[in-house]
Amino acid sequence: MAITYSKNFFEKYAAYTLIDVFHIKEDDIILSDCPDLRIPSLDYGIEVTQALTKEEAIADKKKQLYASLDMTPFDHSHDDINFVIKKIDSAIKRKITKSKHYQSYKHNGLYIFSHCHNIQQEVILKYLLSLSYDSIFYHFIMINCVTHLYIFDYVHQNLTSYHYDKNNLIKMNIQSLVYDSTCSKKRRQIILEEDEK
């Protein structure tokens, strides 16, 4: 049986991580486009993306990236944290350029999957504090580091951290896979074949 991942998976997974953050129900988050997640009750719009190089965004590379653990498809350790930060920076710049096409909310957020669990909070904070934009569409930059979600308030320059234990990660992964396999919105899928035993 094949396991597939598409953008639908990551948008749903991001939504699951935000339920406890915002103290809302699953139904309060609408999966949409431009931005990907909408929370009308809180006047929030959140765009979801991944910190990937152009080479990693190619299907065959994603297969390697996603085939790691049952917990999540993107739990990786990196020795070169500066490289990961550069990919996060590139994702932010890319989405700032595209933000002119997005509906604006009172609170605009950018959610980035870092695909890395060993980035220290101090490193994330130092990088985010170094950002210097006269005008930025995103009030909140959210960085998923697998077991932690860091939410940076760009206006007030502070960082909040949320932790997810292994059971929650496995549950969100399974729920997102189910959503991806049944979602009516068709997107390019990355297909992983189960190993033969």
Side-chain angles (χ1 to χ4, degrees), residues 5-24 26 29 31 35-39 44-53 56-57 61-62 64-78 80-96 98 107-129 131 138-154 158-177 179-180 187 190:
Y5 295 95
S6 76
K7 197 167 187 291
N8 296 324
F9 171 91
F10 289 99
E11 290 172 5
K12 190 63 172 180
Y13 193 100
Y16 281 129
T17 67
L18 295 173
I19 290 171
D20 289 336
V21 169
F22 292 124
H23 308 290
I24 56 177
E26 183 179 344
I29 303 180
L31 276 71
D36 298 315
L37 307 179
R38 300 169 190 253
I39 311 172
Y44 252 97
I46 301 165
E47 182 67 9
V48 178
T49 193
Q50 300 176 63
L52 299 173
T53 64
E56 288 171 334
K61 293 290 184 181
K62 278 189 179 180
Q64 296 170 20
L65 186 68
Y66 295 170
S68 59
L69 294 176
D70 62 349
M71 222 165 39
T72 73
F74 43 84
D75 182 6
H76 292 263
S77 175
H78 289 276
D80 189 352
I81 297 300
N82 286 333
F83 178 62
V84 178
I85 294 295
K86 284 180 184 174
K87 292 195 293 183
I88 291 170
D89 188 63
S90 180
I92 291 171
K93 288 175 180 170
R94 184 176 71 247
K95 287 298 181 176
I96 286 174
K98 293 183 176 183
H107 308 290
N108 299 303
L110 176 60
Y111 189 111
I112 303 169
F113 285 93
S114 73
H115 297 290
C116 180
H117 72 262
N118 62 314
I119 305 177
Q120 298 301 313
Q121 181 170 340
E122 301 77 33
V123 174
I124 291 279
L125 181 58
K126 181 181 178 183
Y127 160 69
L128 291 168
L129 288 172
L131 296 178
Y138 301 107
H139 308 137
F140 297 94
I141 298 173
M142 307 166 179
I143 301 179
N144 182 307
C145 294
V146 186
T147 58
H148 288 83
L149 176 64
Y150 299 107
I151 301 182
F152 183 67
D153 181 334
Y154 188 79
N158 60 46
L159 186 71
T160 308
S161 173
Y162 298 87
H163 177 263
Y164 302 92
D165 64 28
K166 181 176 180 178
N167 289 335
N168 279 335
L169 294 173
I170 292 170
K171 181 180 176 184
M172 290 187 293
N173 184 53
I174 292 169
Q175 290 173 320
S176 301
L177 281 170
Y179 174 80
D180 197 4
R187 287 166 152 171
I190 306 304

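Counting from 1, the numbers follow the sequence of the chain as shown.
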Peer 1: Roughly how far apart are Ile112 CD1 and Ile92 CD1, rounded to 0.5 Å?
Peer 2: 4.0 Å
Peer 1: Can you tell me how far CG of Leu159 sits from NZ of Lys126, rounded to the nearest 0.5 angstrom?
Peer 2: 15.0 Å
Peer 1: Just wondering, do Ile19 and Glu26 contact through their side chains at under 4.5 Å, heavy atoms?
Peer 2: yes
Peer 1: So Ile151 and Tyr162, do their side chains get closer than 4.5 Å, heavy atoms only?
Peer 2: yes
Peer 1: Check the pair Leu129, Phe152 against side chain to side chain contact (heavy atoms under 4.5 Å, CB included), reporting the backbone distance first and the verdict last.
Peer 2: CA-CA 9 Å; Leu129 288 172; Phe152 183 67; 4.0 Å; yes
Peer 1: Using side-chain heavy atoms (C-beta onward) and a distance below 4.5 Å, is Ile141 in contact with Leu131?
Peer 2: yes
Peer 1: Heavy-atom distance under 4.5 Å between the side chains of Ser114 and Ile119, does that happen here?
Peer 2: yes
Peer 1: For residues Ile81 and Ile85, determine if any side-chain heavy atom of one lies less than 4.5 Å from a side-chain heavy atom of the other.
Peer 2: yes
Peer 1: Please test Glu47 against Arg38 for salt bridge (charged side-chain N to carboxylate O under 4.0 Å, His left out), starting from the C-alpha separation and ending with a verdict.
Peer 2: CA-CA 9 Å; Glu47 182 67 9; Arg38 300 169 190 253; over 6 Å; no
Peer 1: Once you round to the nearest 0.5 Å, how far does CG of Leu128 lie from CD1 of Ile88?
Peer 2: 8.0 Å
Peer 1: Quick check, are the ring centers of Tyr154 and His139 under 6.0 angstrom apart?
Peer 2: no
Peer 1: How close do Ala14 and Phe113 get, counting heavy atoms only, and between which atoms?
Peer 2: N-CZ, 4.0 Å
Peer 1: How close do Leu169 and Tyr13 get, counting heavy atoms only, and between which atoms?
Peer 2: CD2-OH, 3.3 Å
Peer 1: With rounding to the nearest 0.5 Å, note down the distance linking CD1 in Ile46 to CG in Asp36.
Peer 2: 10.0 Å
Peer 1: Under the 3.5 angstrom rule, does the side chain of Ser90 hit a backbone N or O of Lys86 as a donor-acceptor pair?
Peer 2: no
Peer 1: About how many Å separate CD1 of Ile143 and OH of Tyr150, when rounded to the nearest 0.5 Å?
Peer 2: 9.5 Å
Peer 1: Which heavy atom in Tyr138 sits nearest to a heavy atom in Lys95, and how many Å separate them?
Peer 2: OH-O, 3.0 Å
Peer 1: May I ask you to decide whether Lys7 forms a salt bridge with Glu11, counting only side-chain N to carboxylate O separations under 4.0 Å?
Peer 2: yes
Peer 1: Tell me, please, which residues at least two apart from His163 pass ring pair (Phe, Tyr, Trp, His ring centres under 6.0 Å).
Peer 2: His148
Peer 1: Return the minimal non-hydrogen interatomic distance between Val146 and Tyr164, and the atom names on each side.
Peer 2: O-CD1, 4.4 Å
Peer 1: Just verifying a value: how many Å separate Gln175 CD and Ile170 CD1, rounded to the nearest 0.5 Å?
Peer 2: 12.0 Å
Peer 1: Any side-chain heavy-atom pair from Leu149 and Thr160 closer than 4.5 angstrom?
Peer 2: no
Peer 1: Taking the side chain as C-beta and beyond, is there a heavy-atom pair between Leu110 and Met142 under 4.5 Å?
Peer 2: no
Peer 1: Can you name the nearest heavy-atom pair linking Arg94 to Gln50, along with the distance?
Peer 2: NH2-O, 3.4 Å
Peer 1: Please report the shortest heavy-atom distance between Asp165 and Asn168, naming the atom on each side.
Peer 2: OD1-N, 2.8 Å
Peer 1: Could you tell me whether Tyr179 and Phe9 have their ring centroids closer than 6.0 angstrom?
Peer 2: no
Peer 1: Ring centres of Tyr111 and Phe140 under 6.0 Å apart?
Peer 2: no
Peer 1: Determine, stepwise, if the pair Tyr44 / Phe22 fulfils ring-ring contact (aromatic ring centres under 6.0 Å, His included).
Peer 2: CA-CA 10 Å; Tyr44 252 97; Phe22 292 124; 4.6 Å; yes
Peer 1: Could you walk me through whether Ser161 and Gln121 pass the side chain to side chain contact (heavy atoms under 4.5 Å, CB included) check?
Peer 2: CA-CA 8 Å; Ser161 173; Gln121 181 170 340; 3.8 Å; yes
